[in-house]
Each structure stands twice: as structure tokens, then as C-alpha cells.
There are 4 protein chains.
Amino acid sequence: MDGFSFSTEIRVRFAETDAQGIAHHAAFVVWLEVARVEYLGRFAGGYQAIRDRGLEALTTDVSVRYHRAAYFDERLTVWCRCVDLRGARFRYEYRIVRGDELVAEASTSHATVDRETYRPTRVPAWLAEAVATAESAEP
Amino acid sequence: MDGFSFSTEIRVRFAETDAQGIAHHAAFVVWLEVARVEYLGRFAGGYQAIRDRGLEALTTDVSVRYHRAAYFDERLTVWCRCVDLRGARFRYEYRIVRGDELVAEASTSHATVDRETYRPTRVPAWLAEAVATAESAEP
Amino acid sequence: MDGFSFSTEIRVRFAETDAQGIAHHAAFVVWLEVARVEYLGRFAGGYQAIRDRGLEALTTDVSVRYHRAAYFDERLTVWCRCVDLRGARFRYEYRIVRGDELVAEASTSHATVDRETYRPTRVPAWLAEAVATAESAEP
Amino acid sequence: MDGFSFSTEIRVRFAETDAQGIAHHAAFVVWLEVARVEYLGRFAGGYQAIRDRGLEALTTDVSVRYHRAAYFDERLTVWCRCVDLRGARFRYEYRIVRGDELVAEASTSHATVDRETYRPTRVPAWLAEAVATAESAEP
């Protein structure tokens with residue numbers, strides 16, 4: 001997808017559907033997280049690596065625009081990219097698609113904090129570099 | 001709360017916490033829905049009344065700004081109001097607070113559709129009037 | 001309910017329904033936990049009190065028998081009682097009802113462990129006594 | 001695994017963890033469903049095929065025995081097999097493992113019902129045969 005170099009696949013679980021017969025809108029928020037975790041796994045040793053170094057990444061903003069419903073057992077592709085990493089903050093943008101169809105667009109913002117004190121802590125250089133490398137890669 | 005005439009209480013479930021020791025950010029999206037359902041129950045006969053008349057209200061946008069973490073077993077107050085109801089669309093705004101502290105701000109957008117065809121369907125007059133009455137009430 | 005002296009009410013959330021139009025069976029497992037937490041809050045200072053003293057209660061068994069479907073926005077009563085508390089283990093039994101109808105029966109088993117080492121730790125006397133008092137109370 | 005001819009992999013999502021730092025016990029119930037859905041997809045055209053023929057499979061019993069905690073981002077293997085298919089009922093048994101370690105054992109029971117009337121309906125011959133073929137296969 002244009003401007004995105006990373007994607008992961010999710011499959012809509014029955015438990016994620018609701019009585020409207022579609023995937024519940026809160027499930028999308030979990031799928032964004034699944035994509036971020038896979039992204040960090042691919043490019044930066046995994047979210048656990050971040051936690052192991054005494055940091056947590058808190059979610060400070062979530063925004064999802066739903067274009068089409070998603071249905072049980074469908075395979076969706078979640079494209080994501082990390083943008084605007086600076087200081088103790090970074091942001092992800094997402095496109096969730098089903099084949100050629102845009103199902104949802106989203107963005108999330110995050111702040112890195114010390115795991116013990118929960119005080120904002122600059123994104124470490126190794127992580128910033130891993131993200132820069134990931135985002136400058138040819139898709 | 002200033003400008004809000006309706007609120008409901010939720011209590012953070014252990015299942016809603018995550019390994020950061022706080023309520024997972026996707027749980028907030030569910031709490032917004034709990035508040036909308038209670039709002040409709042109070043002012044418009046309940047969401048089931050809407051469904052019983054052949055309509056569904058789809059969620060088309062969700063946006064949450066997280067200001068503070070929420071913790072297991074805490075009681076939070078979710079304030080909500082319905083704004084911008086027109087045609088087949090309406091929007092809710094929310095403030096989630098813990099006592100005097102602002103925990104999160106949010107908004108959601110919705111479209112009413114026919115339950116069978118999923119085509120956009122004008123918000124029925126009885127619902128629009130119920131909302132107008134609710135929102136013009138003194139808190 | 002015969003033999004049960006504690007109950008709490010839950011209301012089926014829309015997010016807890018699935019594409020069968022009923023509450024998803026995994027939601028019941030969360031409701032059992034909600035009831036346990038309320039029970040401990042009523043009789044033993046809350047689950048957080050247990051955690052604050054350096055213990056966690058792990059869930060080692062869950063068993064649910066579903067008799068009837070539960071539907072969106074319904075109010076269900078979850079009856080629960082603590083049985084067989086001995087050593088580092090205790091067990092809860094549950095009846096979930098809607099008015100006079102039995103919706104589900106369940107039981108869960110738990111082990112208390114040290115929060116740091118996760119080694120089994122005898123249920124402390126204050127908790128055992130709180131439970132004994134609760135269970136010997138007249139309903 | 002001895003006696004099991006089907007397995008699927010799941011990966012523990014951050015949203016599935018709780019404040020004990022482990023996967024919440026209700027998440028396991030969802031993983032069992034993921035395994036059943038994959039099983040039906042492999043051997044019987046998918047759960048949607050069952051729904052498309054006017055049936056639903058309700059869950060009537062769930063039982064999980066937790067042997068070890070599961071942690072964020074771990075890959076677990078869920079083994080499952082369909083047993084005791086007769087009349088309108090069938091049962092699944094499961095082993096959830098992490099490498100050589102047994103993490104959990106579980107079983108679920110199900111009843112097939114008519115999608116409109118929710119009355120018990122004999123498991124159709126094509127499904128019974130698909131299951132028989134699956135279960136008689138060499139692993």
C-alpha cells in the first residue's frame with residue numbers, strides 16, 4: 001500500500017462479532033495493537049524488548065474511521081507505519097483493507113514512560129533508529 | 001459536568017486490565033458504548049427499541065484521548081451527550097472522570113441503517129425528539 | 001437463592017454479544033470474575049486488598065454449563081459462594097439467573113500465590129475467616 | 001500430540017493480558033473457539049458453511065484446566081479434536097501447549113440448532129462425515 005511498508009494479517013474471530021452480525025468496532029482497536037506488536041517484532045526486537053529495558057509505551061490517542069463492516073472469519077490486512085517519533089512520543093497510522101477495499105483508517109499516539117515511575121522517558125536511540133530504518137525501507 | 005446532562009458509572013473489571021497494570025485502552029471504547037446504551041435507555045426506550053423498529057446504529061468513527069490511566073476496581077463516571085443529530089447521522093461526546101480528574105475525552109459518530117439492507121436511513125422523528133428533549137434538559 | 005448468600009447484577013453489554021445475536025459464551029467467564037471481585041469487596045476488603053498484601057489469586061479451573069442464551073441489555077443476577085477453602089486453594093460456585101430462569105451454572109478454582117515468586121501461598125487467616133463469616137451468614 | 005490430528009497456533013495479544021502480567025483466563029476460551037473455527041475450516045468448509053445452511057452451533061459447556069500461565073507475545077499451539085458427535089450434539093477436546101509444556105486442557109460441548117427457531121437440529125450427515133474423516137486421519 002502506498003506509503004506503507006509493513007502489514008500483518010488478522011482473521012475476524014467469532015468472539016469479535018456482535019449482534020449486528022459484524023465485527024464489533026472495539027475489536028479494530030485490538031487489531032491495531034496486534035499490528036504494532038508485529039511491527040516492533042519485525043523491526044525492533046519486539047515490544048517485550050522495550051519492556052525488558054524498563055520502558056512501557058502508553059497509548060494516548062486512538063482514532064478509527066470505519067468505512068465498511070468486517071465479517072466473521074474474514075482475513076483483513078492491517079497496514080501500519082510509525083510516524084512523528086520525537087522525544088517521548090510517537091504515532092502510528094493504519095489502513096485496514098480487505099483485498100482492494102478500504103475497511104478502516106486509524107491512527108494511535110503513544111508515549112514512552114519509565115516502567116517503575118510512569119514518567120515520560122525519551123524514546124531510546126536504538127528504537128528510534130530501528131523505526132527510521134523500517135520506514136525508509138523500500139516496500 | 002458542564003454541558004453534559006447524563007452520566008453513568010462503570011467499574012474497571014479485572015479482565016479489562018492489561019500487563020501494564022492499567023485498564024487496556026480498548027476497554028474505554030466499550031465503556032463509551034455502555035454509556036450510549038444507558039443514555040438511549042433513559043431517554044429513548046433503549047437501543048433495543050431502535051433495533052425493534054428495524055434500524056441499527058453503526059459506529060462510523062471513534063476517537064479517544066487518554067489523559068490518565070484507569071486502574072482495576074476503580075469507579076469511573078462516563079458523561080455523554082448526543083450532538084449533531086441530522087439526517088441519518090449523529091454524534092456523541094464523552095468525558096470519563098474519576099472524581100475531579102479527567103481520565104479521557106472521546107467522541108463517536110454513528111449512522112442509522114436499515115437492519116435488513118444496511119442502507120442509510122434517516123434517524124426517526126421519535127428518536128430525534130427524544131434526544132432533543134434530553135439535551136435541552138437542565139442537568 | 002438456596003445455599004447462596006451473595007449476588008450481584010450484571011447487564012449484558014452490546015460488545016459482549018456475538019453474531020448469533022446472544023451473549024458470547026466467553027463473556028460469562030468475565031461475569032463470574034465480576035461476581036468474585038464484588039464478593040471479595042463486600043466481605044474481605046476487595047481483591048486489591050489481597051494484592052496489596054503480596055498475593056495473587058490465580059484461576060486454575062473454570063467450568064460453565066450454559067442452560068439458556070442471554071441477550072443484549074438483559075439484567076442477570078450472578079449468585080456466588082466460596083467453598084472448599086483450604087491451604088492455598090479455594091473454589092467458587094455460581095448460578096446465573098434471569099428472574100426465575102437458570103441461565104448458567106459454573107464453578108471456578110483458584111490458588112493463592114506470592115506476587116513476586118508465584119509460589120503457592122496459604123490463604124491468609126484473615127481471608128479464610130472473612131469467607132467463613134460470609135458463608136455462615138443468613139441470606 | 002497423541003490422539004490429536006489438528007492444531008492451530010495463536011499468539012498472546014497484549015489486550016489479552018491482565019494486571020497479573022499473564023494472559024487472562026477468559027482469553028483461553030476465545031482461543032478454543034479460534035481452534036474450532038480453524039478445524040471446521042480445514043475439514044468441513046468452515047463454520048460459515050454451517051451457518052449458511054441455516055444452523056448455528058451453540059456452546060453448552062466449557063471447561064478449562066489451567067496448568068501454567070501464558071505470557072504476552074508467546075506462541076501457543078492449540079490441539080483440538082471433535083469427539084462424541086451424535087444427534088444434535090458434539091464435543092471438542094483441547095490441549096494448549098507451549099513447546100513441550102502443557103499450558104491448559106479443555107473441553108467444550110455444543111448443540112446444533114435451527115438458526116431461526118433455535119430448536120435442536122440433528123448434526124447434518126455431511127458435517128458428521130467430515131468430522132469422522134478428520135478424526136480417522138493419520139496425524
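Chain letters run A, B, ... following the sequence lines, proteins first, then strands; residues in each count from 1.
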Contact origin within [X] toward chain A - heavy atom pairs under 4.5 Å:
X	result
C:F14	both
C:A26	neither
C:Q20	both

A:A104 to A:Y66 - nearest heavy-atom pair and separation:
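Looking at all heavy atoms of both residues, the closest pair is CB-CA, 4.3 Å.
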
Quick one: does any side-chain atom of C:R65 pair with a main-chain N or O of C:A106 as donor and acceptor, under 3.5 Å?
no

Do C:E38 and C:R36 meet the salt-bridge criterion of a basic N to acidic O distance under 4.0 Å?
no

Indicate the ring-plane relationship of C:H110 and C:F90, choosing parallel, tilted or perpendicular according to the 30° and 60° boundaries.
parallel

